[in-house]
Amino acid sequence: MASSSSSNSSCFQCHDSTSNCFRNGWRLRNGERAHLCYRCACVYEEGRFCETFHSTDDGWRDCESCGKLVHCGCVVSFNQYFLLDFGGVICMECSKKNLILARNRRYAREFQTEPIDIPDLAKKVQIEPQGWPGGINSEIQCIPRTTKSVLNPLFEKLLTASDADIRLGRIVIPKKYAETFFPEVSEPKGLMMNILDTENKEWKFNFRYWPNCGSKTYVLEGLREFLALRKLQAGDTVTFYRVEPGGTMAIGYRKTSVAKPPHQAST
């Protein structure tokens, strides 16, 4: 959008003060927007600003998905990438594609088609709290039942690539769920938790947090064997439950990847 200029206005990038029309660029740290001359504004609006003016600066990193170079730490491009859990960055375009792919894989079985044939299904899965024999028994049918036991769903987590990485063996728990449903941890080393899975196996996981710029990133560690045994991968879903009475936490999973056709199963 064009902004009015005064006689003492100059381009934030090239300092040209002769332009008759200045455009608003990115938002500066003081809340104002950078004023750009027509030439610099066109480069910015086409998404080539850092590529054009900052090509020799430090801070360029490869997108972990497509390999595209991203200028990190720059106020111009701070909203063009995401930091990954264990280092590395992913550009905004790949992040959107991965989100759509994960959704499509999640609903592929429901629509009985290949993921590529499904549009972006941005619908939210609703899980109604039920007793043991209800609609969620596909996940919990092996957990021992009692006549008074009730399984209350707490939240779902769609596994990212780093969540499903067996080498890391941990799942990042969103902060709002970690502080609502998990025990309070006062030190970064955290505490050990006993959690049942859907086959009545008790696991010992470590719930802890990483200090993160004055905030906390919560993780559930020690899942290497669990992830490998269940063959979980990015796009699959884990669900956390509270068993009542007793308050024991349970973990279920749902495979959302599309099974290979029989003639490809051995490949």
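Since we're looking at a predicted model, the values are computed, not measured.
Side-chain contact check for Lys157 versus Ile173: every heavy-atom pair is 4.5 Å or farther apart. The shortest distance between side-chain heavy atoms of Leu168 and Ser162 falls below 4.5 Å. Looking at heavy atoms from C-beta onward, Glu51 lies out of side-chain contact with Val43 at the 4.5 angstrom threshold. Proximity of Met249 to Leu154: side-chain heavy atoms (C-beta onward) are separated by under 4.5 Å at one or more points. For the pair Thr239 and Ile251, the minimum side-chain heavy-atom distance is 4.5 Å or more. Contact annotation: the side chain of Phe240 approaches that of Leu220 to within less than 4.5 Å [non-hydrogen atoms, C-beta and beyond]. Looking only at side-chain heavy atoms (C-beta outward), Phe205 and Glu221 stay at 4.5 Å or farther from each other. In this structure the side chain of His35 never reaches within 4.5 angstrom of the side chain of Arg23, judged on heavy atoms.
Between atom CD of residue Glu225 and atom NZ of residue Lys201 there is a gap of 5.5 Å, rounded to the nearest 0.5 Å. Rounding to the nearest 0.5 angstrom, the gap separating the CG atom in Leu227 from the CZ atom in Arg167 is 12.5 Å. Once rounded to the nearest 0.5 Å, the distance linking NZ of Lys204 with CG of Leu223 reads 14.0 Å. Put simply, CG on Asn152 and CZ on Arg242 are 9.0 Å apart, with the number rounded to the nearest 0.5 Å. With values rounded to the nearest 0.5 angstrom, Arg254 atom CZ is found 10.5 Å from Leu159 atom CG.
Listed here is the closest heavy atom pair of Asn206 and Leu191: OD1-O, 3.0 Å. Minimum heavy-atom separation, Gly25 to Arg33: O-NH1, 2.9 Å. Considering every non-hydrogen atom in both Val70 and Cys91, the closest pair reads CG2-CB, 4.1 Å. The shortest non-hydrogen separation linking Cys74 to Cys50 is SG-SG, 3.7 Å. Closest of all the heavy-atom pairs between Lys231 and Asp236 is O-OD2, 4.1 Å.
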Donor-acceptor contacts under 3.5 Å from residues 174-190 side chains, at least two apart:
{"residue": "Lys175", "atom": "NZ", "partner": "Ser215", "partner atom": "OG", "Å": "3.2"}
{"residue": "Glu179", "atom": "OE2", "partner": "Tyr218", "partner atom": "OH", "Å": "2.8"}
{"residue": "Thr180", "atom": "OG1", "partner": "Lys176", "partner atom": "O", "Å": "2.6"}

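For Glu46, the salt bridge (charged side-chain N to carboxylate O under 4.0 Å, His left out) partners at least two apart in sequence or on another chain are Arg48. By the ring pair (Phe, Tyr, Trp, His ring centres under 6.0 Å) test, Trp26 pairs with Phe12, Tyr44, Phe49, sequence neighbours left out. Checked against side-chain contact (heavy atoms from CB on, under 4.5 Å), Asp58 has no partners two or more places apart in sequence or in another chain. Every residue two or more places apart in sequence or in another chain that forms a side-chain contact (heavy atoms from CB on, under 4.5 Å) with Cys14 is listed here: Cys11, Asp16, Cys37, Arg39, Cys40. Under the side-chain contact (heavy atoms from CB on, under 4.5 Å) criterion, Leu229 pairs with Trp203, sequence neighbours left out.
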side-chain contact (heavy atoms from CB on, under 4.5 Å) between Trp210 and Val219, worked out: CA-CA 8 Å; Trp210 307 320; Val219 293; 3.4 Å; yes
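Heavy-atom neighbours of Glu32 CD from other residues, nucleotides or ligands within 6.0 Å: at or below the threshold of 12.
Of the charged side-chain nitrogens involved, at least one lies within less than 4.0 Å of a carboxylate oxygen, so that Asp163 and Arg170 count as a salt-bridged pair.
Using cut-offs of 30° and 60° on the angle between ring planes, the pair Phe226 and Tyr253 is perpendicular.
Neither Trp60 nor Val76 shares a network with the other; the hydrophobic side chains, linked directly or stepwise wherever heavy atoms of I, L, V, M, F, W or Y lie under 4.5 Å apart, form separate groups for each.
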